[in-house]
Amino acid sequence: MLLDATESQLVLIDYQERLMPAIFEGPAVLANARRLAEIARMLDVPVWGTEQNPSRLGANDAALRAACQKTLAKMHFSAAEEGLGEWLRPPAKPQGSNARSLPKHLQKPAPLATERGTIVIAGCEAHVCLLQTALDLIDDEFEVWVVTDACGSRTERNRDAAFDRLAGAGAELVTTEMVAFEWLGSCEHPAFKDVLGLIK
């Protein structure tokens with residue numbers, strides 16, 4: 001089972017200015033998140049962000065915030081509790097009606113909006129906001145892939161406990177480079193050299 005860029009969305013959880021200095025290996029975590037966001041942009045993967053209580057913890061890293069289509073300000077630890085799922089799953093397109101149309105039993109079903117049900121997720125803190133958001137998305141029947149080297153907590157132990165729990169709940173654990181090369185699929189991809197430049 002490999003990631004497909006055309007079926008993926010990227011969610012970046014709470015890389016906030018007042019939180020990141022306390023995160024274990026924070027600079028490396030943030031660097032990988034920036035790489036993910038840039039690779040997603042190159043490959044037309046939608047990027048969404050969240051910020052936990054931004055009035056207290058500040059805004060997300062500016063480069064990440066700029067890469068996001070939208071950023072959800074939240075007070076719940078799980079972004080799914082505050083509407084992230086509606087952003088990730090577009091509403092079905094309404095079916096037009098016409099008095100001269102075919103009888104209902106002969107009509108084709110309305111086309112569903114294109115759904116990208118694979119959620120690639122990374123963020124802080126891994127054992128709180130990332131964990132709760134990912135578990136809720138799994139419960140909401142999204143396929144969740146957690147980018148471990150772009151996730152952090154204040155302690156290594158809390159981070160690793162989150163990964164154990166997420167794996168047990170059915171999330172796939174991956175790294176930034178795994179995501180990059182699976183989204184590319186081939187060294188013949190037009191963005192291959194640019195992506196390679198970001199991760200080497």
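Closest approach of L130 to G123, counting heavy atoms only: CD1-N, 3.5 Å. Residues V29 and C151 come closest through the heavy atom pair CG2-O, 3.4 Å. The two residues H189 and L184 have their closest heavy-atom pair at CD2-O, 3.4 Å. The minimum heavy-atom distance linking A79 with L72 is given by the pair O-CD2, 3.7 Å. Annotation for P54 and A73: closest pair CG-CB, 3.9 Å, computed over non-hydrogen atoms. Closest non-hydrogen pair, L12 versus N60, comes out as O-ND2, 4.5 Å.
Formation of a donor-acceptor pair under 3.5 Å by the Y15 side chain with backbone atoms of L64 is not found in this model. Using a distance-only test at 3.5 Å, with no hydrogens or angles considered, a donor-acceptor pair links the side chain of Q9 to the main chain of L88. Without hydrogens or angle criteria, E125 side chain to R154 main chain gives a donor-acceptor distance under 3.5 Å. Using modelled atom types, one side-chain atom of E82 and one backbone atom of H76 make a donor-acceptor pair closer than 3.5 Å. Looking at R159, its side chain never comes within 3.5 Å of a backbone N or O of C124 through a donor-acceptor pair.
I138 and L84 fall within a single hydrophobic cluster, where Ile, Leu, Val, Met, Phe, Trp and Tyr are joined by side-chain heavy atoms under 4.5 Å apart, directly or via other members. V147 and M1 fall within a single hydrophobic cluster, where Ile, Leu, Val, Met, Phe, Trp and Tyr are joined by side-chain heavy atoms under 4.5 Å apart, directly or via other members. L173 and L10 are assigned to two separate hydrophobic clusters, defined by single-linkage of ILVMFWY side chains at heavy-atom distances under 4.5 Å. The hydrophobic cluster containing V144 also contains W87, counting ILVMFWY residues as joined when their side-chain heavy atoms lie under 4.5 angstrom apart, directly or transitively. With hydrophobic clusters built from ILVMFWY side chains whose heavy atoms lie under 4.5 angstrom apart, L131 shares a cluster with I121.
A heavy-atom distance below 4.5 Å is not found between the side chains of R116 and F142. Contact of the L36 side chain with the V47 side chain is not registered, since no non-hydrogen atoms from C-beta on lie closer than 4.5 Å. L166 is listed as a side-chain neighbour of L135, based on a closest heavy-atom distance under 4.5 Å. Using a 4.5 Å heavy-atom cutoff, the side chains of V45 and I39 are not in contact. Inter-residue side-chain proximity for V120 and V11 is flagged as unmet; no heavy-atom pair is nearer than 4.5 Å. Contact of the V179 side chain with the W145 side chain is not registered, since no non-hydrogen atoms from C-beta on lie closer than 4.5 Å. Within the 4.5 Å cutoff, the side chain of I23 has heavy atoms near those of the M20 side chain. Taking 4.5 Å as the limit, some side-chain heavy atom of C187 sits within range of a side-chain heavy atom of F192.
One side chain, D149 or T176, offers a donor N or O that lies under 3.5 Å from an acceptor on the other. At a cut-off of 3.5 Å, with distance as the only test, a side-chain donor of T155 or N158 sits close to an acceptor on the other residue.
Between the NZ atom of K193 and the CG atom of L198 there is a distance of 15.0 Å, given to the nearest 0.5 Å. Atom-to-atom distance recorded for C68:SG and R41:CZ is 13.0 Å, nearest 0.5 angstrom. The OG1 atom of T148 lies 9.0 Å from the CG atom of N32; values are rounded to the nearest 0.5 Å. The structure places CG of L3 at 5.0 Å from CD of E182, a figure rounded to the nearest 0.5 Å. The distance from atom CD of Q52 to atom CG of D14, rounded to the nearest 0.5 Å, is 5.5 Å. Here the straight-line distance linking atom OG of S153 with atom CZ of F163 works out to 7.5 Å at 0.5 Å rounding.
Of the candidates K74, R65, R18, R65 is the only one forming a salt bridge (Lys or Arg N to Asp or Glu O under 4.0 Å) with E51.
Partners of D140 under the salt bridge (Lys or Arg N to Asp or Glu O under 4.0 Å) rule, at least two apart in sequence or in another chain, are R89. Residues satisfying the side-chain hydrogen bond (donor to acceptor under 3.5 Å, both in side chains) test with S55, not counting sequence neighbours, are N53. Every residue two or more places apart in sequence or in another chain that forms a side-chain hydrogen bond (donor to acceptor under 3.5 Å, both in side chains) with S8 is listed here: W183.
For R157, the CZ atom counts as loosely surrounded, since its 6.0 Å shell holds 12 or fewer non-hydrogen atoms of other residues, nucleotides or ligands. More than 12 heavy atoms of other residues, nucleotides or ligands sit less than 6.0 Å from atom CZ of F181.
With respect to E38 and R35, no salt bridge is recorded, no charged nitrogen being found less than 4.0 Å from a carboxylate O.
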